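Only a predicted model underlies this, so the values are computations on that prediction, with no experimental measurement involved. Order of the sequence lines sets the chain letters (A, B, ...), proteins ahead of strands, with each chain counted from 1.
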Number of protein chains: 2
Amino acid sequence: MSDPAELLREHNIPVTAQRLAVMKAVSDRPHSTAESIAEEVRAGIGTISRQAVYNVLGVLSDNGLIRRIQPAGLPALYEDRVGDNHHHLVCRTCGKTVDVDCAVGETPCLTAAGDAGYEIDEAEVIHWGTCPECRKESDSKASSS
Amino acid sequence: MSDPAELLREHNIPVTAQRLAVMKAVSDRPHSTAESIAEEVRAGIGTISRQAVYNVLGVLSDNGLIRRIQPAGLPALYEDRVGDNHHHLVCRTCGKTVDVDCAVGETPCLTAAGDAGYEIDEAEVIHWGTCPECRKESDSKASSS
DNA sequence: TTTAAAAATGGACTCTGTCAAGTATTTGCA
DNA sequence: TGCAAATACTTGACAGAGTCCATTTTTAAA
């Protein structure tokens, strides 16, 4: 069940070395970009084309095996953790991203006040802020000026 | 007070024709991209460089005079309406974006459960769905197949 | 009116991501 | 096990959005 190859078969997705390697990379390093996933994969199986990485990530997220998040101004990030409606906290300075659970409840803000006729299928919540490291940086810069 | 030139002076931003024109364009067409703002401005004052548009939009949003939103996979959008913590509803198919007020309250989801040491300054909520027009489209396509 | 600071221009460039044509793998079936 | 059809992968060109930088122009203060 948690065997990657098995997971793919369950979804009728042909098993390839590239797909397994990408799944492993996403799992090992949550919140990675396509580019860093490609690097990780190359370290494992030697080589993969950029296109294949995008293909695989597309197939996996279409099937709900991974989740894609796209913070404003940053390249898309991919993560393993699906199906639990958690959100993200992104550092404005360095882009480092961590998971957060929303304080409001299980499906926070999923209901908009007046849907304007839209059929809403997902609410994406991104918290913007400054991570501990970057706060130290800016503090020391501010005090030295 | 609502005079654009006055607004700029209040923020110690030099008044230029480009800035006034960009402000007007953002105000006239909320949820525009930088590119469509550039077109609008050219219609008004004849010419503006891409760089100037980005500069002005950057200065204005740094000063809180406009707000930048960047839905995943779409170019950044700019709007006039600031300071009231409203959210957005974006069509997955055509990208059309409308404002929504959150049902939860005044500052919905602003508090994450456990901030991981981050200093949070903003919560961005984007509702994803399908707009009325695109729903009709896909319905008619589905029934004809 | 002069001048230093700030902004705008124009053009090259980077970074993500996509398209398309050809080659290689996977899988189902004999 | 071997073969054929379907599916993936590779390579290289391309596109959109935004940034960098050197130069010219404009602003605003003296």
Side-chain angles (χ1 to χ4, degrees), chain A residues 4-23 25 31-39 41-42 44-63 65-66 68-78 90 92-95 97, chain B residues 4-23 25 31-39 41-42 44-63 65-66 68-78 92 94-95 97:
Chain A
E6 203 52 47
L7 255 178
L8 291 176
R9 281 191 209 99
E10 278 169 24
H11 288 263
N12 293 313
I13 306 169
V15 177
T16 67
Q18 288 85 347
R19 285 185 182 147
L20 294 175
V22 167
M23 290 175 83
H31 309 135
S32 306
T33 63
E35 193 47 41
S36 86
I37 289 167
E39 280 168 30
V41 168
R42 289 191 188 108
I45 63 168
T47 178
I48 193 172
S49 66
R50 186 173 26 155
Q51 189 62 50
V53 173
Y54 283 107
N55 287 346
V56 172
L57 292 172
V59 168
L60 293 179
S61 43
D62 286 352
N63 283 273
L65 268 49
I66 62 173
R68 171 197 280 130
I69 52 184
Q70 294 183 246
L74 274 70
L77 309 176
Y78 297 86
V90 183
R92 284 190 193 280
T93 307
C94 69
T97 300
Chain B
E6 203 52 47
L7 255 177
L8 291 176
R9 281 191 208 100
E10 278 169 24
H11 288 264
N12 293 313
I13 306 169
V15 177
T16 67
Q18 287 86 347
R19 297 220 246 247
L20 293 175
V22 168
M23 290 174 82
H31 310 135
S32 306
T33 62
E35 193 46 41
S36 86
I37 288 166
E39 280 167 30
V41 168
R42 290 192 187 108
I45 63 168
T47 177
I48 193 172
S49 68
R50 184 173 23 159
Q51 188 61 51
V53 173
Y54 282 107
N55 287 347
V56 172
L57 292 172
V59 168
L60 293 179
S61 44
D62 286 352
N63 282 273
L65 268 48
I66 62 173
R68 171 196 281 131
I69 51 184
Q70 293 182 248
L74 274 70
L77 308 176
Y78 297 86
R92 283 190 193 281
C94 69
T97 301

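One distance of note links CG of A/Leu7 with CG of A/Leu65; it measures 5.0 Å at 0.5 Å rounding.
With the nearest nucleotide of DNA chain D identified for both B/Ala17 and A/Val56, A/Val56 has the one nearer the 5' end. Looking at which nucleotide of DNA chain D each of B/Gln70 and B/Arg9 is closest to, the 5′-most match is held by B/Gln70.
Summarising the geometry, the separation between CG on A/Asp62 and C1' on D/dT7 is reported as 16 Å, rounded to the nearest angstrom. Rounded to whole Å, atom P of C/dG17 lies 13 Å from atom CG of A/Asn55. To the nearest angstrom, C1' of D/dC20 lies 8 Å from CD of B/Gln51. Protein atom CZ of A/Arg68 is 12 Å distant from nucleotide atom C1' of C/dT18, rounded to whole Å. One can place CD1 of A/Ile45 at 12 Å from P of C/dT25, the figure rounded to the nearest angstrom. Atom CG in A/Leu74 sits about 18 Å away from atom P in D/dA17, given to the nearest Å. Counting to the nearest Å, the C1' atom of C/dG17 and the CG atom of A/Leu77 are 15 Å from each other. For A/Leu20 and C/dT25, the CG to P distance is 16 Å, given to the nearest whole Å.
Within the 4.0 angstrom heavy-atom criterion, only backbone atoms of the sugar-phosphate kind lie near B/Ala76; the bases stay farther away. Using a 4.0 Å heavy-atom cutoff across all strands shown, B/Val15 reaches sugar-phosphate atoms only and no base atom. In this structure, A/Gln18 reaches the sugar-phosphate backbone alone: every heavy-atom distance under 4.0 Å involves primed, P, OP1 or OP2 atoms, never a base.
Side-chain proximity of B/Ser49 to D/dT7, C/dG17, C/dG10: nearest is C/dG10. Taking the side chain of B/Tyr54 as heavy atoms from C-beta on, and the options C/dT18, D/dG18, C/dT27, the nearest nucleotide is D/dG18. For B/Thr16, whose side chain is taken as the heavy atoms from C-beta onward, the closest listed nucleotide among D/dT10, D/dT27, C/dG17 is D/dT27. Taking every side-chain heavy atom of A/Pro14 into account, D/dT7 is the closest of D/dT7, C/dT18, C/dG10. The side chain of B/Pro75 lies closest to D/dA17, out of D/dA17, C/dA8, C/dG17.
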Exercise for the section: Please step through side chain to side chain contact (heavy atoms under 4.5 Å, CB included) for the pair B/Asn12 and B/Asn63, ending with a clear verdict. Expected result: CA-CA 10 Å; B/Asn12 293 313; B/Asn63 282 273; over 6 Å; no

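With hydrogens and angles disregarded, no donor-acceptor distance shorter than 3.5 Å links the side chain of B/Arg68 to the backbone of B/Ala76.
Put simply, the side chain of B/Ile69 reaches to within 4.5 Å of the side chain of B/His31, judged on heavy atoms.
At a cut-off of 3.5 angstrom, counting only N and O atoms as typed in the model, there is no donor on one side facing an acceptor on the other between the side-chain of A/Glu35 and the base of C/dC15.
Note on B/Arg50: every side-chain N or O is 4.0 Å or more away from OP1 and OP2 of C/dG10.
For B/Arg9 and B/Glu6, the salt-bridge test passes: some basic side-chain N is under 4.0 Å from an acidic carboxylate O.
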